[in-house]
Novice: 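This is the structure I want to talk about, given as structure tokens.
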Amino acid sequence: MTDNHQTDRSHPPQGPLAALAKELPDWLETSRIQASSGRVASYIPELAGAPYNALGITVLDGQGVSVSAGDAELRFTMQSISKVFTLLLALIDHGEDGVFTKVGMEPTGDDFNSMVKLEIVVPGIPFNPLINAGAISISSLIKGATPKEKSERVLAFFRDLAGDSSLAYNEAVYRSEAATANRNRSIAYLLKANRVLEGDVEDVLEVYFKHCAIEVTCGHIARMALVLAYDGTDPLTGRQLIPRRYVQIAKTFMITCGMYNASGEFAIRAGLPAKSGVSGGILTLVPGRYGIGVVGPALNDKGNSTAGVHLLETISQAMDWSIF
Ligand code: GLN
């Protein structure tokens, strides 16, 4: 990965990225103050120790020039950000018809780990692939003979997208979630009863918990987002990793439900497709221009990084990045 941070004088950023590099440290410190009103997620015990006022960002362009600020090197688990990419792998494995008979395309208005609509709305398929119920169904669609083989396919796909063959899942976070996931387990069994979920429930959950626990930095997230910004082709290698149509589907879900029940607000204030996770990560992108990774572990009451959302809204408004 070409990783030319603003401190790398041999590849100074040019144009808009140079303007961003100049302002970014100040914007980041202003946004960091917001962390004090948030809380680090603790329902997965292993996440509770994350530094609550950390804030980092990496913005990467199609020439491989990046600008970073703050705690961009902090390692964190992808959590719900990973759902975007397992959706893409399931689309590659089964096509649109195969996926959308098992999961819907609509926002819910409910919490990400809600199961209420699985009971009351016929035919009991999850509303979309970014809520837990949807992502658990997607995990069951990943091809592979065993959970191990499925998880290895997921990891290989994520490594290609992140341009880092050493990407791996965090064993402690995986075990911590697997040991305490009463709610996700309930959802999965309900999906099995509704005949949405294929295969053994615990096997499916293993694949799901493992992809949520894949450990990254802001640089990895920025690189994965860059592939989405370039419609599925990695501009740094020229390799097409995902069909354009599937990237279009993923980006649409990111706009309509990527930021939980604050997706509308984020679309209005930042105007960018984005996906957040409970460890405080946010993946976002400016189509045709930048992939962006952010981390800030303290979450607001909607479950998004308090300081991360503030930072992205500030940057997008100042740089006029909204796609709308
Ligand atoms: N692994 C987490 C869970 O299932 C992911 C949720 C999230 O990031 N919102 O609860």
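Counting starts at 1 for both ligands and their atoms, in listed order. Only this structure's heavy atoms are used, side chains among them; waters, hydrogens and symmetry mates stay out.
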Novice: Tell me the protein heavy atom at minimum distance from atom 10 (O) of ligand 1, and give that distance in Å.
Specialist: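 Going by distance alone, atom 10 (O) of ligand 1 is nearest to Y43 OH, 2.5 Å.
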
Novice: Give the numbers and elements of all ligand 1 atoms closer than 4.0 Å to a heavy atom of G277.
Specialist: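 Taking each heavy atom of G277 in turn, ligand 1 has 8 (O) under 4.0 Å.
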
Novice: State the atoms of ligand 1, each with its element, that fall below the 4.0 Å cut-off from a heavy-atom position in V278.
Specialist: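 It comes down to these atoms of ligand 1: 7 (C), 8 (O), 9 (N).
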
Novice: Any chance the rings of F85 and F157 have centres within less than 6.0 Å?
Specialist: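 Aromatic pair excluded; centres sit 6.0 Å or further apart.
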
Novice: Check ligand 1 against C212 and write out every atom of the ligand that is under 4.0 Å from a heavy-atom position of the residue.
Specialist: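 Atoms satisfying the 4.0 Å criterion: 1 (N).
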
Novice: Do T180 and Y43 have side chains that get closer than 4.5 Å, going by heavy atoms?
Specialist: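 Counting from C-beta outward, T180 and Y43 never come under 4.5 Å.
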
Novice: Does an N or O from S276, backbone or side chain, lie closer than 3.5 Å to an N or O of ligand 1?
Specialist: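 No; every N/O pair is 3.5 Å or more apart.
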
Novice: Quick check on contacts: which atoms of ligand 1 are under 4.0 angstrom from a heavy atom of N184?
Specialist: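 The list of qualifying atoms is 3 (C), 4 (O), 10 (O).
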
Novice: Which pair of heavy atoms, one from D93 and one from L141, lies closest together, and at what distance?
Specialist: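 Looking at all heavy atoms of both residues, the shortest contact is OD2-O, 4.1 Å.
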
Novice: Considering only the protein, which heavy-atom contact is closest to atom 8 (O) of ligand 1, and what is its distance?
Specialist: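 That would be S80 OG, 2.6 Å.
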
Novice: For atom 4 (O) of ligand 1, what is the nearest protein heavy atom, given as residue, atom name and distance?
Specialist: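 Scanning the protein heavy atoms, the shortest distance from atom 4 (O) of ligand 1 goes to Y208 OH, 2.6 Å.
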
Novice: What protein heavy atom sits nearest atom 1 (N) of ligand 1, and how far off is it?
Specialist: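 For atom 1 (N) of ligand 1, the nearest protein heavy atom comes out as Q79 OE1, 2.6 Å.
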
Novice: Do N304 and S276 have side chains that approach each other closer than 4.5 Å (heavy atoms only, starting at C-beta)?
Specialist: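 They are in contact (side-chain heavy atoms under 4.5 Å apart), so the answer is yes.
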
Novice: Would you call R244-D231 a salt bridge at under 4.0 Å N-O?
Specialist: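 Judged by the 4.0 Å cut-off on N to carboxylate O distance, R244 and D231 do form a salt bridge.
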
Novice: Considering the heavy atoms of Y260, write down every atom of ligand 1 situated less than 4.0 Å from one of them.
Specialist: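 Within the 4.0 Å cut-off of Y260, ligand 1 contributes 7 (C), 8 (O), 9 (N).
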
Novice: Among protein heavy atoms, which sits nearest to atom 3 (C) of ligand 1, and what does the distance come to when rounded to 0.1 Å?
Specialist: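 Here the closest protein heavy atom is E177 OE2, 3.1 Å.
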
Novice: Do NZ/NE/NH1/NH2 and the carboxylate oxygens of D164 and R223 come within less than 4.0 Å?
Specialist: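 Looking at D164 and R223, the cut-off is not met.
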
Novice: Does a side chain donor of either N170 or T77 reach within less than 3.5 Å of an acceptor in the other side chain?
Specialist: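 Judged by distance alone, the side chains do not pair up.
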
Novice: Would you call E149 and K143 a salt bridge, using N to O less than 4.0 angstrom?
Specialist: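 Salt bridge absent between E149 and K143.
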
